[in-house]
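A short worksheet on the structure shown next.
Note on naming: letters A, B, ... go to the chains in the order of the sequence lines (proteins, then strands), and numbering restarts at 1 for each one.
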Amino acid sequence: MSAQASVVVLGAGMHPWGKWGRPFLEYGLAAARAALRDADLSWPDVQYVVGADTIRNGYPGFVAGAAYAQALGWSGARVASCYAACASGAQAVDIARTRILAGLCDVALVVGADSTPKGFFRPVGGDRPDDPDWQRFRLLGATNPAYFALYARRRMSLHGTTPADFAAVKVKNALAGSLNPMARYREPVTAERVLSSPMVADPLRLMDICATSDGAAAVVLASESYARRRGVTRPVRLAAVSTVTPTFPHTTLDLPNFATDSSAAVPPPELPFRASIAHAAYEEAGLGPRDLSLAEVYDLSTALELDWMEDIGLCPPGEAEKLLRAGETALGGRVPVNPSGGLASFGEAIPAQAIAQLCELTTQLRGRAGPRQVPRARTGLAVNQGLFGHGSAVITTV
Amino acid sequence: MTFAIEGWFAIDGDDVRLLGTRCTTCGTVCFPPRRGFCPNPACEGTELVEHRLPRRGRVWSYTNACYPPPAPYVAAEPYEPVTLAAVALDEVGIVVLGQVSGLTVDELAVGMELELTSGPLADGPLVWMWGRPS
């Protein structure tokens with residue numbers, strides 16, 4: 001992609017993650033204003049606003065783009081809203097960057113925010129006996145952590161991973177999160193504490209599993225020429241955004257499914273779903289895992305961070321523990337994973353999370369991450385996966 | 001006998017079977033049963049016929065729910081941790097999730113053979129469950 005045609009992150013802003021139960025709009029507005037300030041723009045300068053939807057906050061949550069536009073003050077900006085489970089924020093980024101790449105606008109604001117209930121996520125929207133997300137709770141009591149635990153146990157069986165390895169992921173991420181003012185949990189933890197926290201879904205304990213949080217993140221995206229006119233000389237570029245769906249047969253048991261696709265008639269694809277998400281982004285950017293300075297991966301559980309390390313190509317399957325134990329993915333290591341502190345330190349605020357990942361890449365690539373700064377960060381990757389075949393990978397470069 | 005969901009499994013004496021579907025064009029098997037069109041993107045088949053899945057498979061992975069799952073699950077009182085297993089049915093190339101009857105996580109292992117059975121949810125209706133082979 002030529003420099004003229006690239007899309008840049010002109011501003012990034014967040015509302016801290018926590019659990020206050022206030023309206024999601026309040027968090028979203030704070031993040032939007034922070035991103036606009038960071039971009040040195042005012043709201044009426046924005047030509048296009050995209051909201052990542054929240055499905056647990058009533059009608060305004062389903063039309064998040066318009067809800068933010070109204071809250072910021074109707075300005076005539078064009079609008080879109082989208083929902084893609086955990087990948088909602090990345091899909092919102094993709095919609096905005098595509099409109100910029102098409103030449104239909106120069107500057108866009110992308111906002112995601114959530115306000116979450118206490119405890120396990122429940123199915124949304126009442127009794128719907130034909131909805132698989134309702135059925136899995138009714139028939140099996142299969143919560144989200146149950147699926148995370150199935151992956152964790154599978155990993156232990158295949159690769160000999162131990163609960164101590166899982167705990168080491170939490171210790172690493174908690175230490176990084178303790179250095180991040182936007183994180184919800186800012187206290188370093190010991191492995192002993194993780195290993196003595198209550199079992200939730202064997203083999204995963206409470207401190208292996210990410211919480212559900214309130215929070216918000218926003219970015220201002222612009223064409224590179226617009227950024228140059230604003231005097232930005234070394235912008236963070238969006239080198240790729242991947243939002244691929246699985247390829248049939250999808251042979252991993254994914255939320256909220258009861259079963260995998262069958263591989264009896266058609267052999268499984270070369271790359272399983274999570275790996276294919278990252279692969280598509282690498283292809284688009286013309287980069288590979290060796291180019292990464294850092295990665296933000298979706299650690300819904302400690303065990304999943306290890307799976308992701310392999311899915312994004314940091315090491316072959318079964319070797320993530322080796323990298324972890326050698327400190328290569330810690331701050332100060334060869335390729336820090338989750339230098340923000342990850343979901344372990346934030347908890348998940350669904351529509352905001354992928355945007356928060358992009359905020360972290362931006363902060364790191366600008367060299368403004370303070371005590372958690374990855375030295376000489378030039379290329380960052382952020383990945384996630386959510387329900388119903390959604391996932392995303394974003395690559396940024398300077 | 002009240003089933004918690006109609007058409008997903010059948011009980012015939014001791015024989016409990018999951019009711020999948022098979023595409024008559026490409027042979028792709030599905031569970032839960034599916035109507036209308038084949039999920040294989042390269043197939044235009046629309047005739048999906050009932051296909052009883054093999055009764056035995058090997059544990060792909062397993063876990064439990066140490067805390068009562070939220071509604072619409074109806075948790076027993078007092079609550080006993082629900083055990084779940086994802087079982088690979090190699091002949092049809094599918095992994096199927098189900099509750100486990102009569103085994104705790106301490107008694108399960110990846111690769112172990114299990115057999116389909118059924119059991120009641122806390123409020124009465126039956127679901128398919130994985131259990132020790134008879």
Side-chain angles (χ1 to χ4, degrees), chain A residues 117 119-123 126-158 198-206 245 247-253 255-268, chain B residues 4-5 8 18 20 22-23 25-32 38-43 53 59-75 81-86 88-99 104-106 108-111 121-122 125 127-129:
Chain A
F120 289 115
F121 276 146
R122 297 155 189 250
D127 271 0
R128 290 178 325 287
D130 56 351
D131 175 343
D133 195 42
W134 185 89
Q135 289 167 339
R136 60 148 167 155
F137 283 94
R138 170 65 186 133
L139 300 176
L140 303 180
T143 60
N144 292 1
Y147 288 81
F148 311 155
L150 291 171
Y151 309 146
R153 173 62 66 185
R154 180 77 184 163
R155 183 171 185 91
M156 289 169 76
S157 165
L158 283 183
M199 192 70 85
V200 172
D202 189 283
L204 297 177
R205 294 175 179 275
L206 186 64
T245 47
T247 299
F248 182 86
H250 183 22
T251 55
T252 307
L253 184 68
L255 293 83
N257 299 337
F258 287 88
T260 62
D261 287 340
S262 166
S263 58
V266 180
Chain B
I5 188 148
W8 285 26
L18 291 169
R22 182 174 46 82
C23 171
T25 307
C26 76
T28 288
V29 173
C30 284
F31 181 82
C38 177
N40 173 3
C43 176
L53 302 190
V59 173
W60 181 84
S61 191
Y62 60 93
T63 183
N64 63 2
C66 300
Y67 295 88
Y73 190 74
V74 179
V82 176
T83 308
L84 294 170
L89 307 173
D90 288 336
E91 296 109 288
V92 287
I94 290 183
V95 174
V96 181
L97 188 58
Q99 288 197 8
T104 66
V105 284
D106 296 329
L108 287 167
V110 171
L121 292 170
V127 284
W128 74 92
M129 291 187 181

Looking at [X] and [Y], what are the two nearest heavy atoms and their distance?
{"X": "B:Leu97", "Y": "A:Ala142", "result": "CD2-CB, 4.3 Å"}
{"X": "B:Thr28", "Y": "A:Ala265", "result": "OG1-CB, 3.5 Å"}
{"X": "A:Ala149", "Y": "B:Ser61", "result": "O-OG, 4.4 Å"}
{"X": "A:Pro123", "Y": "B:Ala71", "result": "CD-O, 3.8 Å"}
{"X": "B:Gln99", "Y": "A:Leu139", "result": "NE2-O, 3.6 Å"}

Interatomic distance, [X] atom [atom1] to [Y] atom [atom2] [nearest 0.5 angstrom]:
{"X": "B:Thr63", "Y": "A:Arg154", "atom1": "OG1", "atom2": "CZ", "result": "14.5 Å"}
{"X": "A:Thr143", "Y": "B:Tyr73", "atom1": "OG1", "atom2": "OH", "result": "11.0 Å"}
{"X": "B:Ile5", "Y": "A:Phe258", "atom1": "CD1", "atom2": "CZ", "result": "6.5 Å"}
{"X": "B:Trp60", "Y": "A:Thr251", "atom1": "CH2", "atom2": "OG1", "result": "9.0 Å"}
{"X": "A:Asn257", "Y": "B:Phe31", "atom1": "CG", "atom2": "CZ", "result": "11.5 Å"}

With respect to chain A, which residue among [options] yields the maximal number of heavy-atom pairs within a distance under 4.5 Å?
{"options": "B:Tyr67, B:Trp128, B:Trp8, B:Tyr62", "value": "B:Tyr62"}
{"options": "B:Ala86, B:Cys66, B:Pro72", "value": "B:Pro72"}
{"options": "B:Pro68, B:Ala75, B:Gly93, B:Gly20", "value": "B:Gly93"}
{"options": "B:Asp90, B:Leu121, B:Val82", "value": "B:Leu121"}
{"options": "B:Pro39, B:Gly98, B:Gly27, B:Ala65", "value": "B:Pro39"}

Contacting moiety of [X], where chain A heavy atoms sit under 4.5 Å:
{"X": "B:Pro81", "result": "neither"}
{"X": "B:Val96", "result": "both"}
{"X": "B:Val95", "result": "both"}

Original post:
Is there a donor-acceptor pair under 3.5 Å between the side chain of A:Asp202 and the backbone N or O of B:Asn64?
Top reply: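 Not at all, since once roles are kept as given, no pair shorter than 3.5 Å links the two residues.
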Subject >> Short side-chain to backbone donor-acceptor contact, A:Ser262 and B:Val92, under 3.5 Å >> reply: yes
**OP:** I would like to know whether A:Leu140 and B:Leu84 meet side chain to side chain contact (heavy atoms under 4.5 Å, CB included); could you show each step before the answer?
**Re:** CA-CA 8 Å; A:Leu140 303 180; B:Leu84 294 170; 4.1 Å; yes
